[in-house]
Amino acid sequence: MENVLENLGAAAGAASPLPLTPVSTVVVRPGRPLEGTVRVGGMTKNAGLKQMCAALLAPGTSVLRNMTPVGDLPEMVELFRRMGADVRQPEADVVEVDTTGEITPEAPYELVSRMRASVNVLGALLGRCGRARVAMPGGDNIGSRKLDMHFRGLESMGARIRVVHGYIEADTPGLVGARHVLDFPSVGATENLVLAAALADGTTVIENAAREPEIADLASTLNRMGAQVIGAGTSTIEVEGVEHLDPVETEIIPDRVEAGTLLMACGIAGGEIELEGARMEHLEMVVLKLGEMGLKVSPTATGLWARADGRLRAVDVATLPYPGFATDFMPMTVALLAVAEGTAIVTENLFDNRFMFVDELNRMGADVRTEGRHCVVRGVERLSGAPVRASDVRAGAALILAGLGAEGETRILHTQHVDRGYEDLPGKLAALGADVARTND
Ligand code: EPU
């Protein structure tokens with residue numbers, strides 16, 4: 001059977017280096033209001049990759065469906081192959097992970113540095129192998145992204161952790177359940193602790209746990225593997241360790257960030273769209289805010305419907321852990337507010353350096369001033385197309401959306417960052433009638 005992952009550029013050989021992701025450019029020109037229906041993909045980057053880590057806990061073949069092939073997937077696949085797993089992709093959005101063979105609990109720098117989700121192998125490797133050597137992920141374009149909460153949580157369960165020559169070296173004579181209070185509801189730390197606790201001896205209680213739908217999805221997959229995780233999706237998660245887990249066949253939740261991005265695209269370009277597969281219950285806060293701005297959104301039998309009549313109104317926004325307004329929507333929201341009527345204050349509470357895209361937006365004629373964690377966005381009638389550069393996945397998405405509200409041509413360089421988290425954002429916008437295309441020149 002054809003293995004689609006090879007076509008995505010994942011290196012097949014166990015030790016072969018990954019090719020560098022080619023630089024790509026997207027061109028946006030003014031067009032008509034959006035119209036039509038698109039399907040929202042699975043949340044591969046922030047949910048599916050973590051469930052690949054869950055598969056490490058159960059020797060055998062697990063099957064993950066709705067794994068939309070985004071750019072981070074081949075990198076995770078390569079990491080799994082290096083660790084000794086056999087990974088196949090029999091269909092474009094199906095990933096089979098066979099972890100029957102011996103697993104080498106080592107995640108090298110050249111793979112980990114490029115993908116945040118890879119740090120989730122730490123909890124799973126400690127659970128499966130009792131030890132792990134995982135490169136510290138590098139800095140990110142959105143903030144410092146420390147791992148102290150991951151470490152303290154795993155240490156409370158009996159892991160010994162050191163950082164040596166840029167590598168996290170962890171080992172344990174056997175993980176034991178513990179009660180642990182997180183300083184902050186970190187998504188990654190909650191996931192690592194749940195993964196480690198699944199096979200630990202005794203009961204683990206995680207207080208102040210992250211409540212994102214991705215956590216509930218991970219827990220539901222683990223429970224179908226035989227784990228006993230209670231309370232995922234709330235602030236207190238209890239995990240009763242079990243002796244062993246079985247491989248699973250699971251379907252990843254729809255990508256709420258892609259859905260929100262497309263809703264905001266409708267807010268900027270105007271028009272009427274339907275998003276098949278989008279789930280209102282994962283998007284309540286963003287739909288509430290967009291509603292205050294004047295975008296009409298309602299659930300349909302298969303997803304969400306949205307309509308924008310005319311220019312939206314400015315509304316203040318502050319990002320918070322789920323169910324608050326997600327930080328991953330913030331850059332696109334600033335793009336939307338840049339062409340809304342009035343002035344808004346946007347506060348970023350999760351990451352300390354997520355306003356890097358603002359200078360690019362201002363080069364397009366936006367009036368946005370940043371001050372520490374805040375930015376003041378004074379809406380202008382229309383932006384003006386310019387060459388701009390994407391610095392990370394959501395920053396790039398925001399600039400593509402800004403192009404929809406600009407006169408003339410907007411050229412967004414380095415959109416390979418966007419492709420890390422979206423299957424084909426330009427293609428989906430084009431399917432809704434926008435004048436958005438990839439270019440080689
Ligand atoms: N933090 C610490 N210490 C830790 C862990 C986190 O100080 O041990 C801090 C971080 O530096 C950050 C904040 O806590 O300031 C939140 O970090 P969190 O751990 O919740 O985030 P993450 O697990 O690293 C995931 C998503 C992000 C998303 C955040 C918040 C993945 C691969 N990434 O990151 O997604 O923004 O949760 O919801 O799941 C994106 O999709 O664009 C993206 C960045």
Side-chain angles (χ1 to χ4, degrees), residues 41-53 68 70-73 75-76 79 112-123 134 136-156 161 163 168 180-195 206 208-218 235 252-253 255-261 282 285-286 319-333 348-354 356-357 373 390-398 417-422 425:
M43 195 167 207
T44 301
K45 184 175 91 66
N46 294 4
L49 300 185
K50 323 295 179 66
Q51 291 177 44
M52 282 178 72
C53 297
T68 297
V70 299
D72 270 3
L73 178 58
E75 304 215 359
M76 193 67 149
L79 171 57
V112 171
S113 67
R114 277 149 63 175
M115 180 193 27
R116 183 72 183 176
S118 57
V119 94
N120 284 102
V121 297
L122 183 60
V134 178
M136 284 285 282
D140 202 294
N141 285 334
I142 60 175
S144 53
R145 308 191 80 171
K146 296 197 294 276
L147 293 172
D148 53 321
M149 289 185 247
H150 299 241
F151 295 170
R152 278 199 298 280
L154 293 169
E155 280 166 350
S156 77
I161 298 182
V163 177
I168 306 160
H180 186 76
V181 185
L182 288 172
D183 302 21
F184 177 88
S186 153
V187 172
T190 303
E191 290 162 340
N192 249 332
L193 294 185
V194 168
L195 286 164
I206 308 162
N208 200 20
R211 290 182 280 168
E212 272 71 2
E214 296 78 80
I215 310 272
D217 203 38
L218 173 65
S235 301
I252 307 305
I253 47 169
D255 190 334
R256 64 192 169 100
V257 186
E258 185 191 35
T261 304
H282 293 168
M285 183 53 79
V286 73
T319 66
L320 280 174
Y322 192 85
F325 193 92
T327 172
D328 297 339
F329 293 126
M330 186 277 288
M332 295 80 92
T333 307
E348 168 57 42
N349 288 311
L350 275 286
F351 292 107
D352 51 27
N353 190 21
R354 210 169 194 176
M356 276 173 71
F357 66 96
R373 291 199 167 274
S391 51
D392 75 81
V393 51
R394 309 302 169 196
H417 291 300
V418 178
D419 297 329
R420 286 184 44 209
Y422 297 87
L425 184 60

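Counting starts at 1 for both ligands and their atoms, in listed order.
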_atom 29 (C) of ligand 1: nearest protein contact (heavy atom, Å)_ = F351 CZ, 4.0 Å
*What residue and atom, counting heavy atoms only, is the protein's closest point to atom 5 (C) of ligand 1, and at what distance?*
K146 O, 3.2 Å
*Using side-chain contact (heavy atoms from CB on, under 4.5 Å) as the criterion, point out the one residue from T68, T44, D217 that pairs with I252.*
D217
*Look at atom 41 (O) of ligand 1 and say which protein heavy atom is nearest, naming residue and atom and giving the distance to 0.1 Å.*
R394 NH2, 2.7 Å
*Could you pull out all residues at least two apart from E212 that satisfy salt bridge (charged side-chain N to carboxylate O under 4.0 Å, His left out)?*
none
*Numbering the atoms of ligand 1 from 1, which are under 4.0 Å from a heavy atom of L350?*
12 (C), 13 (C), 15 (O), 16 (C)
*Do the charged groups of K50 and E191 touch, with an N to O distance under 4.0 Å?*
yes
*Just heavy atoms, cut-off under 4.0 Å: does D148 contact ligand 1 by side chain, backbone, both, or neither?*
both
*Which part of V187 is near ligand 1, with near meaning a heavy atom under 4.0 Å away: side chain, backbone, both or neither?*
both
*Can you tell me which residue and heavy atom of the protein come closest to atom 19 (O) of ligand 1, and the distance to 0.1 Å?*
S186 OG, 2.6 Å
*Side chain, backbone, both or neither: the part of N46 lying under 4.0 Å from ligand 1 by heavy atom*: both
*Quick one: does D392's side chain get under 4.5 Å of R354's, heavy atoms only?*
yes
*Among R152, E212, R145, M115, which one has a heavy atom closest to atom 11 (O) of ligand 1?*
R145
*Which bit of R116 gets closer than 4.0 Å to ligand 1, counting heavy atoms only: side chain, backbone, both or neither?*
side chain
*Minimum-distance protein heavy atom relative to atom 36 (O) of ligand 1*: D328 OD1, 2.6 Å
*Just jot down the ligand 1 atoms closer than 4.0 angstrom to any heavy atom of G188, in number order.*
19 (O), 23 (O)
_Show me which atoms of ligand 1 lie under 4.0 Å from any heavy atom of V393._
42 (O)
*asked:* Keeping T190 on the side-chain end and A210 on the backbone end, is there a donor-acceptor pair under 3.5 Å?
replied: yes
*asked:* According to side chain to side chain contact (heavy atoms under 4.5 Å, CB included), who are the partners of D419, at least two apart in sequence or on a separate chain?
replied: S24, R438
*Could you tell me whether ligand 1 has any atom less than 4.0 Å away from a heavy atom of R354?*
yes
_Nitrogen or oxygen atoms of P185 and ligand 1 under 3.5 Å apart_ = no
*Is ligand 1 under 4.0 Å from a heavy atom in the side chain of A189, in the backbone, in both, or in neither?*
neither
*Evaluate the side chain to side chain contact (heavy atoms under 4.5 Å, CB included) criterion for residues F151 and V163: first the C-alpha distance (whole Å), next the side-chain angles of each, then the deciding distance (0.1 Å), finally the verdict.*
CA-CA 10 Å; F151 295 170; V163 177; 3.9 Å; yes
*Determine yes or no for a side-chain-to-main-chain donor-acceptor pair under 3.5 angstrom, with N349 supplying the side chain and L320 the backbone.*
no
*Within less than 4.0 angstrom of ligand 1, does V257 place any heavy atom?*
no
*Tell me which part of M149 gets within contact of ligand 1: side chain, backbone, both or neither, using heavy atoms under 4.0 Å.*
both
*For K50, is the nearest heavy atom under 4.0 Å from an atom of ligand 1?*
yes
*Do the non-hydrogen side-chain atoms of M332 and V257 ever get within less than 4.5 Å of each other?*
yes
*Considering only heavy atoms from C-beta outward, does the side chain of F184 approach that of P321 to under 4.5 Å?*
yes
*Find out whether I168 and H150 are in side-chain contact, i.e. whether some heavy atom of one side chain is under 4.5 Å from a heavy atom of the other.*
no
*asked:* Assess the residue pair R256 and V286 against the criterion (side chain to side chain contact (heavy atoms under 4.5 Å, CB included)); give the C-alpha distance rounded to whole Å, side-chain angles, the decisive distance to 0.1 Å, and a yes or no.
replied: CA-CA 10 Å; R256 64 192 169 100; V286 73; over 6 Å; no
